[in-house]
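No experiment lies behind these values; they were computed from the predicted model shown. Only heavy atoms go into these numbers, but all of them, side chains included; no hydrogens, no water, no symmetry mates.
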Amino acid sequence: MSPLDGFTDIGEPPPIAPGNPMPMEWGDTIPRHRGLWETAEEQHYDPNVDINWSALDPNDFTPEQRVALAYWFATNAVFENSAAPTFAVGMIKAYEEHMGLSTGKVLLTIARDEANHDEMQRRIVARLLPGFPNDFKPMTPDEAAAYRNLQWIQYMNSRYWGGFRQAAEQRRLLALMSYFAAGEAATSLIFQKTGANTEHPVLQDVLRHISVDESRHFACFNFMSQQCWGDLTDEEKQIIGKNLKAGYLYISIVFGDPKPPFWDVPDGFRTPHVRFHAIARDAGVGILSAEERDDVWRKSMLRMKAVGDRYGVPWPRIEDLDIDGEDTPIGEEDLVVVSF
């Protein structure tokens with residue numbers, strides 16, 4: 001008796017439309033993402049219990065230092081907060097485009113990491129300056145300046161979400177996500193160096209976790225660019241070239257002077273911004289000097305430029321970093337959220 005005795009072939013179902021995350025995709029378009037996802041699972045931590053929050057005593061700092069530290073970490077948190085939905089969109093596109101199971105899972109871990117970074121920085125700010133920045137009533141000139149600057153940072157950041165969502169609808173995952181590579185390369189090193197130079201053990205621990213995560217994030221997009229940039233269309237290559245420069249401009253407000261046209265800050269913004277960075281550095285956070293920061297950015301950009309040159313991605317000229325390339329004017333219509 002055959003095992004198929006009594007079986008009636010019901011036939012195949014209709015085809016599933018492109019762009020639908022079904023059927024299941026258990027293969028890997030980018031095989032190296034499999035090991036990266038496994039590493040992310042091994043390195044996962046709980047920001048609620050794996051940091052000794054009780055050791056962060058506000059009395060360890062002067063009132064001026066508390067405002068400056070809250071300002072610096074809250075500025076970082078603006079990016080971490082927007083990064084979670086940014087990479088969640090990338091994860092959805094990975095499933096819709098059937099980029100492989102591991103690519104979708106790695107983007108899921110990146111979104112989770114960003115939520116963890118946001119939570120750690122939220123806790124720092126809550127201990128040093130409760131309620132800052134959005135549920136806060138300033139009582140001193142320093143607090144008023146920090147409060148107003150954070151309002152502007154959040155407003156300006158919000159303007160580019162629509163551009164990102166539009167780009168997500170119009171572009172493939174490769175063109176949408178690949179231009180994160182240079183920013184991730186730079187931020188992973190900047191956080192690593194900042195954490196190593198930081199004196200307070202709780203703040204140092206937070207920055208250490210962030211730098212380890214950012215290194216994995218860079219590896220994700222580095223693997224993606226090395227394997228997939230050869231499949232980009234000429235139009236997608238032009239888009240990536242432009243957005244690589246946009247990413248540098250976008251992140252500038254965290255690690256240095258806010259650069260136009262992304263950060264069209266009002267008069268009176270830069271003076272307290274620079275001052276708070278200096279005070280936070282004096283309070284023990286290892287914020288890099290402009291020279292150190294630019295050196296990291298330059299090396300990171302040149303590292304990715306080597307990949308771009310291999311596949312004909314036009315690299316933008318960035319005068320601030322002495323990087324030669326194509327003249328790439330950036331207007332507001334070119335800017336989208338490029339989180340880290």
Determine, stepwise, if the pair Asn197 / Arg281 fulfils side-chain hydrogen bond (donor to acceptor under 3.5 Å, both in side chains).
CA-CA 10 Å; Asn197 295 336; Arg281 185 184 293 112; over 6 Å; no
Take Glu114 and Glu214 through the side chain to side chain contact (heavy atoms under 4.5 Å, CB included) test and state the conclusion after the steps.
CA-CA 9 Å; Glu114 304 297 358; Glu214 297 296 345; 4.2 Å; yes
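- Ion pair Lys93/Glu169 not flagged as a salt bridge, since none of the NZ, NE, NH1 or NH2 atoms sits closer than 4.0 Å to an Asp/Glu carboxylate oxygen.
- For Asp113 and His217, the side-chain atoms include at least one donor-acceptor pair closer than 3.5 Å.
- Closest heavy-atom contact between Val106 and His33: CG2-O, 3.3 Å.
- Residue Pro316 comes nearest to Ile323 through the heavy atom pair O-CG2, 4.2 Å, listed as atom of the first residue, atom of the second, then distance.
- Side-chain atoms of Arg66 do not come within 3.5 Å of backbone N or O of Leu129 as any donor-acceptor pair.
- Checking side-chain atoms of Gln65 against main-chain N and O of Thr62 turns up a donor-acceptor pair under 3.5 Å.
- The distance from atom OG of Ser300 to atom CD1 of Ile190, rounded to the nearest 0.5 Å, is 7.0 Å.
- A pairwise comparison of heavy atoms in Pro260 and Arg270 identifies CD-NH2, 4.3 Å as the closest pair.
- With hydrogens and angles disregarded, a donor-acceptor distance shorter than 3.5 Å links the side chain of Asn20 to the backbone of Met22.
- Scanning all heavy atoms of the two residues, the minimum distance from Thr103 to Met99 falls at OG1-O, 3.7 Å.
- Linking ILVMFWY residues whenever their side-chain heavy atoms come closer than 4.5 Å, directly or via other members, leaves Leu249 and Val274 in distinct clusters.
- Side-chain atoms of Tyr45 and Asp213 form a donor-acceptor pair, as typed in the model, at a separation below 3.5 Å.
- Counting non-hydrogen atoms of other residues, nucleotides and ligands closer than 6.0 Å to CG of Asp267 gives a total of 12 or fewer.
- Using a 4.5 Å heavy-atom threshold, the side chains of Asn149 and Pro272 count as touching.
- Using a 4.5 Å heavy-atom cutoff, the side chains of Asp282 and Ile279 are not in contact.
- Here the CG atom belonging to Asp142 is positioned 5.0 Å from the OG1 atom belonging to Thr140, to the nearest 0.5 angstrom.
- Of all the heavy atoms in His98 and Pro23, the pair that sits closest is CE1-O, 3.2 Å.
- Judged by distance alone, with hydrogens and angles left aside, the side-chain atoms of Ser82 form a donor-acceptor pair with the main-chain N or O of Phe79 at under 3.5 Å.
- Glu119 CD to Asn81 CG: the interatomic distance, rounded to the nearest 0.5 Å, is 11.0 Å.
- Lys193 places no side-chain N or O within 3.5 Å of a backbone atom of Leu288 that could act as its donor or acceptor partner.
- For the atom pair CG of Asn222 and CE of Met304, the computed distance is 5.0 Å after rounding to the nearest 0.5 Å.
- Of the listed residues (Phe191, Trp72, Trp297), just one forms a ring pair (Phe, Tyr, Trp, His ring centres under 6.0 Å) with Phe255, and that residue is Phe191.
- In this structure, the side chain of Asp135 does not engage the main chain of Gly131 through any donor-acceptor pair within 3.5 Å.
- At distances below 3.5 Å, not a single donor-acceptor pair connects side-chain atoms of Ser215 with backbone N or O atoms of Ser188.
- Annotation: side chain of Leu302 is not in contact with side chain of Lys299 (no heavy-atom distance under 4.5 Å).
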Give the C-alpha distance, both sets of side-chain angles, the deciding distance and a yes or no for side chain to side chain contact (heavy atoms under 4.5 Å, CB included) between Asp320 and Lys259.
CA-CA 10 Å; Asp320 294 349; Lys259 298 183 182 297; 3.1 Å; yes
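- Counting heavy atoms from C-beta outward, Asp205 and Asn52 have side chains that stay 4.5 Å or more apart.
- Neither side chain, Glu42 nor Thr39, offers a donor N or O lying under 3.5 Å from an acceptor on the other.
- Using a 4.5 Å cut-off on side-chain heavy atoms (C-beta onward), Phe132 and Leu150 make contact.
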Show your working on side chain to side chain contact (heavy atoms under 4.5 Å, CB included) between Met120 and Ile210 and close with a plain yes or no.
CA-CA 9 Å; Met120 290 189 292; Ile210 293 176; 4.0 Å; yes
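- With salt bridges taken as basic N to acidic carboxylate O contacts below 4.0 Å, one links Glu41 and Arg112.
- Proximity of Leu203 to Phe73: side-chain heavy atoms (C-beta onward) are separated by under 4.5 Å at one or more points.
- One finds the CG atom of Leu189 at 11.5 Å from the CD atom of Glu184 (value rounded to the nearest 0.5 Å).
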Asn134 vs Gln154, test: side-chain hydrogen bond (donor to acceptor under 3.5 Å, both in side chains). Steps then yes/no.
CA-CA 10 Å; Asn134 295 333; Gln154 293 182 89; 2.9 Å; yes
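- Checked against the 6.0 Å centroid criterion, the rings of Phe180 and Tyr248 do not qualify as a close aromatic pair.
- At a threshold of 4.0 Å, the pair Asp294-Arg298 does not count as salt-bridged, since none of the basic side-chain nitrogens sits closer than that to a carboxylate oxygen.
- The two residues Thr75 and Ile253 have their closest heavy-atom pair at CG2-O, 4.2 Å.
- In this model, a donor atom of one side chain and an acceptor atom of the other lie less than 3.5 Å apart for Tyr71 and His273.
- Taking hydrophobic clusters as Ile, Leu, Val, Met, Phe, Trp and Tyr residues chained together by side-chain heavy-atom distances below 4.5 Å, Val254 shares a cluster with Val67.
- A donor-acceptor distance shorter than 3.5 angstrom exists from the side chain of Glu97 to the backbone of Leu173, with no hydrogens or angles considered.
- Checked against the 6.0 Å centroid threshold, Tyr250 and Tyr160 do not count as a close aromatic pair.
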Would you sort out whether Thr271 and Phe276 count as a side chain to side chain contact (heavy atoms under 4.5 Å, CB included), showing the intermediate values?
CA-CA 9 Å; Thr271 297; Phe276 290 142; over 6 Å; no
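- No option in Asp46, Val202, Leu56 other than Val202 meets the side chain to side chain contact (heavy atoms under 4.5 Å, CB included) test with Ile51.
- No side-chain donor from either of Gln151 and Tyr155 sits under 3.5 Å from a side-chain acceptor of the other.
- Residue Arg172 places its CZ atom among more than 12 non-hydrogen atoms of other residues, nucleotides or ligands, all under 6.0 Å distant.
- Met139 and Val125 are not part of a single hydrophobic cluster, where members link through side-chain heavy atoms under 4.5 Å apart.
- Contact annotation: the side chain of Ile153 approaches that of Phe269 to within less than 4.5 Å [non-hydrogen atoms, C-beta and beyond].
- More than 12 non-hydrogen atoms from other residues, nucleotides or ligands lie less than 6.0 angstrom from CH2 of Trp53.
- A distance-only check finds no donor-acceptor pair linking the side chain of Arg127 to the backbone of Asp57 [under 3.5 Å].
- Put simply, the side chain of Trp37 never gets that close to the backbone of Leu101: no donor and acceptor are under 3.5 Å apart.
- Glu291 contributes atom CD, which lies 10.0 Å from atom CG of Asp295 (distance to the nearest 0.5 angstrom).
- In this structure, Trp229 and Leu174 have side chains that are not in contact, with every pair of non-hydrogen atoms separated by 4.5 Å or more.
- Residues Gln238 and Asp234 bring no donor and acceptor atom of their side chains to less than 3.5 Å of each other.
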